[in-house]
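Both backbone and side-chain heavy atoms feed into the values below; hydrogens, waters and symmetry mates do not. Counting starts at 1 for both ligands and their atoms, following the listed order.
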Amino acid sequence: MMKNAIRDFPKQFDYEPEVVNGEKLGAFDALVVGGMGGSGLVAGILRMIKPGLDVAAHHEYGLPPFIKDTKRRLFLAVSYSGNTEETVDFFEAAVKEGYSVAAVGTGGRLLEVAKEGGLPHIELPETGIQPRMSLGFMLRAVLKLVGENALFEEAGALSATLKPGELEAESRKLAETLRGKVPVIYASRKNQPLAYNWKIKFNETGKIPAFYNTFPELNHNEMTGFDVNDATKELSERMHFIFLRDNADHPHVGKRMEVTGEAYAKRGLPVTALILEGTSTMEKIFRSLLLADWTAYCIAEAYGNEPEAVPMIEEFKKKLI
Ligand code: PA5
């Protein structure tokens with residue numbers, strides 16, 4: 001049940017993953033993380049918590065085209081179900097090329113290939129939650145696999161510091177504000193994974209349209225789409241903008257958010273600024289994501305939508321077979 005998945009989320013950081021065939025993980029200087037949807041999120045989070053890490057996110061079939069260089073790369077496939085065809089294809093292509101690989105998932109074809117080939121992998125606990133709700137398990141697993149021990153420990157501490165219950169009231173209020181609106185989430189480029197996470201939680205849990213963009217890029221294009229006049233007013237009056245503000249952003253990005261917020265308000269466009277709170281980047285990320293989870297959950301409730309399952313995705317996947 002979604003409500004329990006949110007309340008119990010911090011416990012995921014207690015997870016002690018076991019790396020199978022870990023001795024086969026060679027040395028590497030760069031990571032390519034392949035994953036889709038909820039399972040693709042961990043790549044962005046990894047980049048946020050360790051900006052110096054050379055990590056490329058691959059959300060596609062096959063392999064990225066840049067791999068002809070001399071870097072020693074680890075190709076890491078993450079799929080909660082283990083049956084996502086793009087991710088399995090990515091993994092099999094990397095295996096075929098003889099690259100260094102690893103897999104993370106609860107089972108499925110992905111882990112079958114990893115087990116048959118005696119390849120490094122981690123089998124995630126199957127607790128019945130949705131992939132987008134399993135970011136704690138996935139992050140702990142990936143940090144363990146790539147040997148980021150200090151970050152692994154830091155993530156472990158979140159099980160005590162995150163307090164989902166304390167965020168419910170604030171989220172409920174935000175969900176009320178968003179009633180009848182299409183949320184558009186804005187963040188700095190650095191926090192892009194966060195804005196994207198918010199968006200997909202509104203889509204998959206709330207079952208509503210939601211979009212995102214990042215500063216400073218949006219000041220060069222998207223913003224002008226909201227230079228509302230009488231003829232276009234109808235197009236933008238459904239939007240409600242959420243600005244994820246971060247004191248660690250480039251000061252000019254902070255200024256851009258302020259000026260954009262004022263420009264939107266002047267045009268009658270509603271803006272809610274949410275300041276990322278926490279004592280570390282990791283805490284800021286997961287506190288904000290819990291707010292997103294609760295808000296999306298309350299939105300689903302308000303519209304009478306079932307927050308957990310994603311029948312449209314399941315139905316779509318079946319049609320591809
Ligand atoms: O949340 C979801 O169900 C989806 O976004 C899935 O994560 C996505 O379809 C990929 O599936 P999996 O996570 O099993 O690889």
Side-chain angles (χ1 to χ4, degrees), residues 1-6 9 12 15 17 32-46 57-62 75-95 101-115 121-142 145 185 192-212 286 289-290 292-297 299-300 305-321:
M1 193 185 149
M2 180 61 72
K3 212 168 184 173
N4 293 339
I6 301 173
F9 181 73
Q12 291 187 26
Y15 168 49
V32 184
V33 183
M36 305 301 299
S39 298
L41 298 174
V42 73
I45 302 294
L46 207 53
H58 186 68
H59 308 295
E60 239 298 28
Y61 295 92
F75 289 77
L76 173 55
V78 183
S79 169
Y80 188 76
S81 63
N83 284 323
T84 296
E85 61 176 39
E86 300 94 312
T87 314
V88 173
D89 190 64
F90 159 80
F91 189 64
E92 288 181 324
V95 172
V101 296
V104 172
T106 56
R109 178 75 192 135
L110 183 64
L111 288 206
E112 246 171 58
V113 178
K115 285 176 186 172
H121 66 274
I122 288 178
E123 192 162 340
L124 295 172
E126 175 55 280
T127 58
I129 55 173
Q130 292 292 320
R132 64 188 177 284
M133 300 307 297
S134 67
L135 210 43
F137 288 138
M138 288 189 196
L139 185 66
R140 284 275 285 182
V142 168
L145 247 174
I185 302 98
Q192 178 273 345
L194 208 48
Y196 184 60
N197 253 281
W198 269 81
K199 171 206 141 51
I200 78 165
K201 283 166 195 277
F202 284 140
N203 298 146
E204 292 193 69
T205 303
K207 315 271 183 313
I208 58 165
F211 302 92
Y212 86 98
F286 287 102
L289 291 183
L290 279 168
D293 281 325
W294 275 128
T295 309
Y297 174 82
I299 284 176
N305 290 331
E306 201 285 302
E308 185 86 27
V310 280
M312 190 173 174
I313 297 178
E314 300 310 328
E315 192 188 314
F316 180 83
K317 284 184 179 176
K318 278 191 202 132
K319 291 212 164 132
L320 293 177
I321 297 168

Q: Can you pull out the closest protein heavy atom to atom 14 (O) of ligand 1? Residue, atom name and distance to 0.1 Å, please.
A: Ser81 OG, 2.6 Å
Q) What is the nearest protein non-hydrogen atom to atom 13 (O) of ligand 1, stated with its residue, atom name and distance? A) Ser39 OG, 2.4 Å
Q: Enter the distance from Met2:CE to Lys201:NZ here, rounded to the nearest 0.5 Å.
A: 8.0 Å
Q: Using a strict 4.0 Å cut-off to heavy atoms of Ser79, name the atoms of ligand 1 that fall inside it.
A: 12 (P), 14 (O), 15 (O)
Q | Distance filter under 4.0 Å to Lys317 heavy atoms, resulting ligand 1 atoms | A | 8 (C), 9 (O), 10 (C), 11 (O)
**Q.** Ligand-residue contact atoms, ligand 1 with Val310, heavy atoms, under 4.0 Å
**A.** 3 (O)
Q: Enumerate the atoms of ligand 1 whose separation from the nearest heavy atom of Gly37 is less than 4.0 angstrom.
A: 5 (O), 7 (O)
Q: Begin from the C-alpha positions of Gln130 and Tyr80 and carry the test side-chain hydrogen bond (donor to acceptor under 3.5 Å, both in side chains) through to its verdict.
A: CA-CA 8 Å; Gln130 292 292 320; Tyr80 188 76; over 6 Å; no
Q | For atom 12 (P) of ligand 1, the protein heavy atom that lies nearest, with its residue and separation | A | Thr84 OG1, 3.1 Å
Q.
Give me the atom names and distance for the closest heavy-atom approach of Val33 to Phe90.
A. C-CZ, 4.4 Å
Q. Numbering the atoms of ligand 1 from 1, which are under 4.0 Å from a heavy atom of Glu204?
A. 1 (O), 2 (C), 3 (O), 4 (C), 5 (O)
(Q) Please determine whether a side-chain nitrogen of the Lys or Arg among Glu315 and Lys318 lies less than 4.0 Å from a carboxylate oxygen of the Asp or Glu. (A) no
Q: Tell me which one of Gly38, Ala309, Gly108, Gly82 gets a heavy atom nearest to atom 5 (O) of ligand 1.
A: Gly38
**Q.** Among Asn197, Asn203, Thr205, side chain to side chain contact (heavy atoms under 4.5 Å, CB included) partner for Arg132
**A.** Thr205
(Q) As an exercise, state the distance from CG of Leu124 to CZ of Phe137, rounded to the nearest 0.5 Å. (A) 8.0 Å
Q: Indicate the atoms forming the closest heavy-atom contact of Phe286 with Ile45, along with that distance.
A: CZ-CG2, 4.1 Å
